[in-house]
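Quick notes on the structure that follows.
In what follows, every chain begins at residue 1, and chains take the letters A, B, ... in the order their sequences are listed.
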Amino acid sequence: MSNILTSRKQDYAQWYNDLVIKGGLAEYSAVRGCMVIKPYGFALWENMRDQLDRMFKETGHQNAYFPIFIPKSFLSKEAAHVDGFAKECAVVTHYRLKNDPNGNGVIVDPEAKLEEELIVRPTSETIIWHSYKNWIQSYRDLPILVNQWANVVRWEMRTRLFLRTAEFLWQEGHTAHATKQEAIDETRQMLDVYATFVEEYMALPVIKGVKTESERFAGAEDTYCIEALMQDGKALQAGTSHFLGQNFAKAFDVKFADKDNNMEYVWATSWGVSTRLIGALIMAHSDDEGLVLPPRIAPLQVVIVPIYNKDEATTQKINDKAAEIVKELKAKGIRVKFDDDDTRRPGWKFAEYELRGVPVRITLGARDMDNNIAEVARRDTREKESIALDKVVEQAEQLLEDIQMNLYHKALTFRNENTTRVDSWDQFVSVLNDKGGFVAAHWDGTAETEDKIKEMTKATIRCIPLDSVQEEGACVLTGKPSKQRVLFAKAY
RNA sequence: CGGGGAGUAGCGCAGGCCGGUAGCGCAUCUGGUUUGGGACCAGGGGGUCGCAGGUUCGAAUCCUGUCUCCCCGACCA
């Protein structure tokens with residue numbers, strides 16, 4: 001049995017790292033806090049990206065691309081925004097190197113100092129709104145529905161592969177609207193797109209909600225989010241959608257003439273998900289044997305492992321059958337690989353593909369050929385079954401569906417079991433310490449109380465759920481009146 | 001930036017106190033036997049011991065300085 005992974009019980013953080021690295025998703029790079037996304041990890045991201053991109057386009061958005069560099073003066077135009085990001089910006093100050101006169105390689109040429117420093121984008125609101133000023137004159141120019149796929153840099157103190165890296169990949173949608181309501185509708189629509197994507201493709205149930213003031217995006221009026229629960233009972237913000245009001249329009253003086261020729265400020269939204277989703281995926285579904293990937297986004301959905309003996313006729317038979325199955329699965333649009341690499345033995349391959357989270361494995365051996373069967377194994381439950389050869393393709397296709405559903409329901413059950421309604425402070429503290437997960441409790445609505453709770457328990461308000469029922473209650477800390485429960489959790 | 005740990009072969013580590021031929025496991029290469037849950041046998045290759053000084057006949061080992069990375073905290077998608 002493989003013992004190359006740390007188990008979740010032993011050390012959850014180490015288990016996560018092992019999975020990322022040994023599963024072939026990513027590795028550390030020469031640059032502190034930055035990672036190399038390896039081909040297998042990038043294939044996973046591409047599958048996620050492609051589906052999201054389709055969904056953005058279905059809702060009327062177009063892709064564009066804005067510069068990675070932002071003039072320093074832009075960032076300071078929106079006060080809250082600069083406050084939020086100033087502490088984690090990489091800054092470009094020079095544009096040239098030269099040979100060190102002392103012979104120690106190259107040095108920054110002091111003659112080549114930039115007039116105005118450039119900030120490596122931590123997010124692109126400012127550079128984009130600078131452009132929007134030129135794009136928008138009249139109500140007929142609105143709405144602008146633009147998305148960009150890009151890398152951004154936030155100089156984080158502590159980093160973790162996928163979950164928090166100094167550079168990460170994401171998409172950021174930036175829209176401009178004539179009315180407040182239209183912008184709010186857009187914000188909510190994109191939140192729904194995210195929730196649908198994460199639930200249906202990543203098989204991960206999420207809570208849709210709105211952030212409290214202290215957790216809000218710097219420069220937003222309202223931040224909506226989807227929150228997911230990881231296997232260790234910690235919450236993870238999986239995506240955010242911001243209603244920006246007129247803050248950026250005012251900062252960049254973006255006005256439009258309405259039908260009555262009145263000049264009005266434009267209403268804005270922005271929304272994003274990042275490679276952090278890959279971290280969520282890993283921590284939600286995987287087990288001590290390795291990654292468990294939802295079929296819809298798995299780079300490889302089915303792998304066929306042959307078990308040869310020395311008999312050439314049998315080998316030929318296995319190869320022919322495998323080729324046939326590959327052809328049929330591909331015709332159905334299923335991503336399949338026949339691993340006939342003779343330098344690895346079957347047991348090695350079983351372990352390897354389990355580590356990599358391939359949902360379905362088909363084993364074809366000499367004995368199977370004699371009996372006209374194949375062994376079909378599913379990654380999520382690790383169950384194996386003997387299937388008649390002429391039913392194998394059908395079975396594999398069915399299993400992919402089953403696994404997708406099973407992963408979702410398993411995660412949903414886990415979340416339900418780890419969401420606790422709490423009405424007293426003692427219970428609040430003990431649930432957070434002993435059980436973890438989401439805690440639904442009343443809160444008096446003040447930032448002071450929120451801060452105090454964070455200080456005492458490390459738990460933060462993840463969101464005020466959109467479907468939260470109105471009920472009379474008392475704040476779990478102060479006892480002051482409250483009208484609805486909010487979700488607390490320790491978070492990534 | 002505070003506290004803790006670590007830099008020796010691609011990876012994981014031992015050696016260091018007590019200076020004297022640089023070692024182990026995995027990986028890798030060659031040949032063979034194998035193939036139903038990470039195979040076995042035989043042979044081989046690979047390291048200026050993080051870097052710079054110093055002590056010494058001689059430094060991975062002792063001394064001084066320096067750099068980097070990891071873990072725990074404050075900040076964050």
Inset, instruction - Might you confirm whether atom CD of A/E213 has over 12 heavy atoms from other residues, nucleotides or ligands at distances under 6.0 Å? - result: no
Inset, instruction - Given side chain to side chain contact (heavy atoms under 4.5 Å, CB included), test A/T363 with A/I307 step by step and report yes or no. - result: CA-CA 7 Å; A/T363 307; A/I307 300 172; 3.3 Å; yes
Inset, instruction - With heavy atoms under 4.0 Å as the rule, sort A/F168 into base, sugar-phosphate or nothing. - result: base
Inset, instruction - Decide yes or no for A/T212 and A/E450: does some side-chain heavy atom of the first lie under 4.5 Å from some side-chain heavy atom of the second? - result: yes
Legend entry - A/E289 CD - B/rG37 C1' separation (whole Å): 11 Å
Inset, instruction - Grab the CG-P distance between A/L161 and B/rC70 for me, whole Å please. - result: 10 Å
Inset, instruction - Would you kindly compare A/F162 and A/R158 by the position of their nearest RNA chain B nucleotide and give the one closer to the 5′ end? - result: A/R158
Inset, instruction - For the residue pair A/N47 and A/Y201, confirm or rule out a side-chain donor-acceptor distance under 3.5 Å. - result: no
Inset, instruction - Examine A/F350 together with A/W348 and report whether their ring centres are nearer than 6.0 Å. - result: no
Inset, instruction - Would you please classify the geometry between the A/F252 ring and the A/F74 ring as parallel, tilted or perpendicular, with 30° and 60° separating the classes? - result: perpendicular
Inset, instruction - Could you work out the separation of B/rG23 and B/rG47 based on their C1' atoms and round it to a whole Å? - result: 11 Å
Inset, instruction - Assign the ring pair A/F66 / A/Y132 to parallel, tilted or perpendicular, where the plane angle (0 to 90°) is split at 30° and 60°. - result: perpendicular
Legend entry - Pair A/F85 + A/F217: ring centers closer than 6.0 Å: yes
Inset, instruction - Quick one: label A/R361 by what it contacts on the DNA or RNA (base, sugar-phosphate, nothing), any heavy atom closer than 4.0 Å. - result: base
Inset, instruction - In whole angstrom, give the distance that lies between atom CE of A/M230 and atom C1' of B/rA77. - result: 13 Å
Legend entry - Separation of B/rC69 C1' from A/E27 CD (nearest whole Å): 15 Å
Inset, instruction - Check the distance between B/rG38's P and A/R382's CZ and give it to me in whole angstrom. - result: 12 Å
Inset, instruction - Would you jot down, in residue-number order, the residues of residues 448-461 of chain A having a non-hydrogen atom under 4.0 Å from RNA chain B? - result: A/K458
Inset, instruction - With heavy atoms under 4.0 Å as the rule, sort A/T165 into base, sugar-phosphate or nothing. - result: base
Legend entry - Axial cation check for A/F162 ring with A/R276, 6.0 Å and 45° limits: no
Inset, instruction - Would you check if the distance from the ring center of A/H61 to the ring center of A/W271 is below 6.0 Å? - result: yes
Legend entry - C1'-based separation of B/rA14 from B/rG32 [nearest Å]: 33 Å
Inset, instruction - Determine the Euclidean distance between corresponding C1' atoms of B/rA77 and B/rC71; express it in Å to zero decimal places. - result: 22 Å
Legend entry - Separation between the C1' atoms of B/rC41 and B/rA59, rounded to whole Å: 40 Å
Legend entry - Ring centers of A/F248, A/H174 separated by less than 6.0 Å: no
Polar pairs (N or O, both sides) under 3.5 Å between protein and nucleotides 1-3 of chain B?
none

Legend entry - Pairwise P distance for B/rC26 and B/rA22, with rounding to whole Å: 23 Å
Legend entry - Inter-residue atom distance A/T314.OG1 - A/Y308.OH, 0.5 Å rounding: 11.5 Å
Legend entry - Within 6.0 Å of NZ in A/K22, more than 12 heavy atoms from elsewhere: yes
Inset, instruction - Take atom P in B/rG7 and the same atom in B/rG12, then report the distance between them in whole Å. - result: 11 Å
Inset, instruction - Runs of at least three consecutive Watson-Crick or G-U pairs, both distances under 3.5 Å, are what I'm after; which ones involve RNA chain B? - result: B:1-7 with B:67-73, B:10-13 with B:23-26, B:28-33 with B:39-44, B:50-54 with B:62-66
Legend entry - Interatomic distance where NZ belongs to A/K349 and C1' belongs to B/rA39 [whole Å]: 13 Å
Legend entry - Non-neighbouring partners of A/K72 that pass side-chain contact (heavy atoms from CB on, under 4.5 Å), sequence neighbours left out: A/E116, A/E117, A/I119
Inset, instruction - Provide, to the nearest angstrom, the distance between the CZ atom belonging to A/R121 and the C1' atom belonging to B/rA77. - result: 16 Å
Inset, instruction - Remember a base hit wins even if backbone is also touched, and classify A/T240 as base, sugar-phosphate or nothing at under 4.0 Å, heavy atoms. - result: nothing
Inset, instruction - Using the C1' atom as the reference point in each nucleotide, state the distance between B/rG54 and B/rG19 in Å, no decimals. - result: 15 Å
Legend entry - C1' gap between B/rC51 and B/rC67, integer Å: 7 Å
Legend entry - Set of residues satisfying side-chain contact (heavy atoms from CB on, under 4.5 Å) with respect to A/A388, sequence neighbours excluded: A/D390, A/K391
Inset, instruction - Give the intermediate values and the outcome of side-chain hydrogen bond (donor to acceptor under 3.5 Å, both in side chains) for residues A/N247 and A/E221. - result: CA-CA 8 Å; A/N247 293 343; A/E221 298 280 312; 3.2 Å; yes
Inset, instruction - Measure from the side-chain heavy atoms of A/W348 and tell me the nearest of B/rC71, B/rG37, B/rG38. - result: B/rG38
For nucleotides 26-36 of chain B, which of its nitrogen or oxygen atoms have a protein nitrogen or oxygen under 3.5 Å away, and what is each distance?
| unit_1 | atom_1 | unit_2 | atom_2 | d |
| --- | --- | --- | --- | --- |
| B/rU34 | OP1 | A/K310 | NZ | 2.9 |
| B/rU35 | O2' | A/Y308 | O | 3.2 |
| B/rG36 | OP1 | A/R345 | NH1 | 3.3 |
| B/rG36 | OP1 | A/R345 | NH2 | 3.0 |
| B/rG36 | N7 | A/R367 | NH1 | 3.2 |
| B/rG36 | O6 | A/A366 | N | 3.4 |
| B/rG36 | O6 | A/R367 | N | 2.8 |
| B/rG36 | O6 | A/D368 | N | 3.0 |
| B/rG36 | O6 | A/D368 | OD2 | 3.4 |
| B/rG36 | N1 | A/D368 | OD1 | 3.3 |
| B/rG36 | N1 | A/D368 | OD2 | 2.4 |
| B/rG36 | N2 | A/D368 | OD2 | 3.2 |

Inset, instruction - Using the closest heavy atom to pick a nucleotide of RNA chain B for each, name whichever of A/A491 or A/T159 lands nearer the 5' end. - result: A/T159
Legend entry - Nucleotide nearest A/E352 when distance is taken to its side chain, options B/rG37, B/rG38, B/rA77: B/rG38
Inset, instruction - Check the distance between B/rC11's C1' and A/Y28's OH and give it to me in whole angstrom. - result: 14 Å
Inset, instruction - Identify whether any heavy atom of A/L236 sits under 4.0 Å from a base atom; if not, whether one sits that close to sugar-phosphate; answer base, sugar-phosphate or nothing. - result: nothing
